[in-house]
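Let me begin by presenting the structure, written as structure tokens, before commenting on it.
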Amino acid sequence: PPPPPPPPPPPPFFFTPHAATPDAQESRGLGDVYKRQVLWKPSNENEIGWSSPWGRGRPGWHLECSTMILEIFGETIDIHGGGEDLRFPHHENECAQSFCRNDGKQLANFWLHNGMVQMADSKMSKSLGNILLIKDLINEMPGEVIRLSLMSSHYRQPLKWSDDLVDQSKKTLNTFYSFLEQYEGVDTMDINVNEEILSSLSDDINTPKAISVLHSMFKDLKKDPDNNELRSSFIKSANFMGLLFSKPSNWLLKEDNNIDTKVIDELIEERNQARQSRDFLVADNIRDKLLDMGIVLEDKNDITTWKKKND
């Protein structure tokens, strides 16, 4: 008789027979964890639950994700993400139960596990009360500073968030913007993103390598500052990574601690209202007041922008 067909391959990256061997369990301190994986958890009367052939209960934690994926997306999804701390047991159990339910089909084609953000010597977590939220950070620093700080470490590796990290990101962006300010009025060329940066990001989103390429491009640009092609490629590549979207003069102005941008914006709004009311004397007085503060206004197409007056 012909030999039996080979068994279907296991889901990718970590649910393998090795993981279920006694040696593997013992080395990871798992004991009888594979015997104790719970698909349906019994519920007491004071707990949420539903009637079932196995008694009153509720889905196990790991089963929820497998069920939602199957119901909404189908047997196999393209990308499954999550923190590194969810690799075991959550994702391993998802793979195991979906593998059995779906006749050996993969649960996901790609797995992206991110490292933990570290605060001092401990990970960021609700239980430790050291959570930083983007909505709060954005009030303390520009979004590009947050973005560059997060990209400084590969997403699979731990990231140690600190004032030093933020300060270094600010310093880097200030250096870039200070150089580009002298070319603010020069049009950039329509050019592609640097191939080495694309290659780095295509290699498991290797942002630290992409940032190093960006620094190399900037180093070459300083040697040949009037090279518009190189400068355009540098800006386009930075934009692709979510950086250098601000007008250089505006960025540097906001970094100037001696200038209160909120006051400037309020005065501009008062001036706009005065102009709409045709009170041009008040509007001119506000313009003069801003000029005394070192701020030059530019009106174009009913939009007012401002910049720092050249010394």
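Listed by chain and number, the residues in a salt bridge (Lys or Arg N to Asp or Glu O under 4.0 Å) with Glu75 are Lys105 (sequence neighbours excluded). With sequence neighbours left out, Glu47 forms a salt bridge (Lys or Arg N to Asp or Glu O under 4.0 Å) with Arg58. For Glu45, there are no salt bridge (Lys or Arg N to Asp or Glu O under 4.0 Å) partners two or more places apart in sequence or in a different chain. Partners of Phe179 under the side chain to side chain contact (heavy atoms under 4.5 Å, CB included) rule, at least two apart in sequence or in another chain, are Gln182, Tyr183, Phe218, Leu221, Lys222, Pro225.
Between Ser237 and Met217, the shortest heavy-atom distance links the atoms OG-CE, 4.1 Å. Tyr177 and Leu252 make their closest contact through O-CD1, 4.0 Å (heavy atoms, listed as atom of the first residue, atom of the second, distance). The two residues Cys65 and His90 have their closest heavy-atom pair at SG-NE2, 3.4 Å.
For His91 and His62, the ring centers sit 6.0 Å or farther from each other. Phe73 has its ring centre no less than 6.0 Å from the ring centre of His80.
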Below 3.5 Å, can you tabulate the donor-acceptor pairs from side chains in residues 193-203 to any protein atom, sequence neighbours excluded?
from   : atom 1 : to     : atom 2 : distance (Å)
Asn194 : OD1    : Glu196 : N      : 2.8
Asn194 : OD1    : Ile197 : N      : 3.1
Ser200 : OG     : Glu196 : O      : 2.9
Ser202 : OG     : Leu198 : O      : 2.8

Tabulate below the donor-acceptor pairs under 3.5 Å that side-chain atoms of residues 276-291 make, not counting sequence neighbours, or state none.
from   : atom 1 : to     : atom 2 : distance (Å)
Ser277 : OG     : Gln273 : O      : 3.1
Asn285 : ND2    : Leu281 : O      : 3.2
Arg287 : NH2    : Asp299 : OD2    : 2.9

| task | Could you walk me through whether Ser52 and Trp40 pass the side chain to side chain donor-acceptor pair (under 3.5 Å) test, one step at a time? | result | CA-CA 9 Å; Ser52 78; Trp40 188 258; 3.2 Å; yes
| field | Working for side chain to side chain donor-acceptor pair (under 3.5 Å), residues Ser66 and Gln97 | value | CA-CA 8 Å; Ser66 293; Gln97 60 206 14; 3.0 Å; yes
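Heavy atoms of other residues, nucleotides or ligands lying less than 6.0 angstrom from CG of Asp136 number more than 12.
A salt bridge does not link Arg147 with Glu144: every distance from a Lys NZ or Arg NE/NH1/NH2 to an Asp or Glu carboxylate oxygen is 4.0 Å or more.
For the pair Ser152/Leu165, a side-chain contact is recorded, criterion being any heavy-atom separation below 4.5 Å from C-beta on.
A donor-acceptor contact closer than 3.5 angstrom is absent between the side chains of Glu298 and Thr304. Donor-acceptor pairing under 3.5 Å is recorded for the side chains of Asn174 and Trp251.
At a threshold of 4.5 Å between side-chain heavy atoms, the hydrophobic network of Ile, Leu, Val, Met, Phe, Trp and Tyr places Met151 and Met141 in one connected group. Put simply, Phe240 and Leu214 are part of the same group of oily side chains (I, L, V, M, F, W, Y) that touch within less than 4.5 Å, one to the next.
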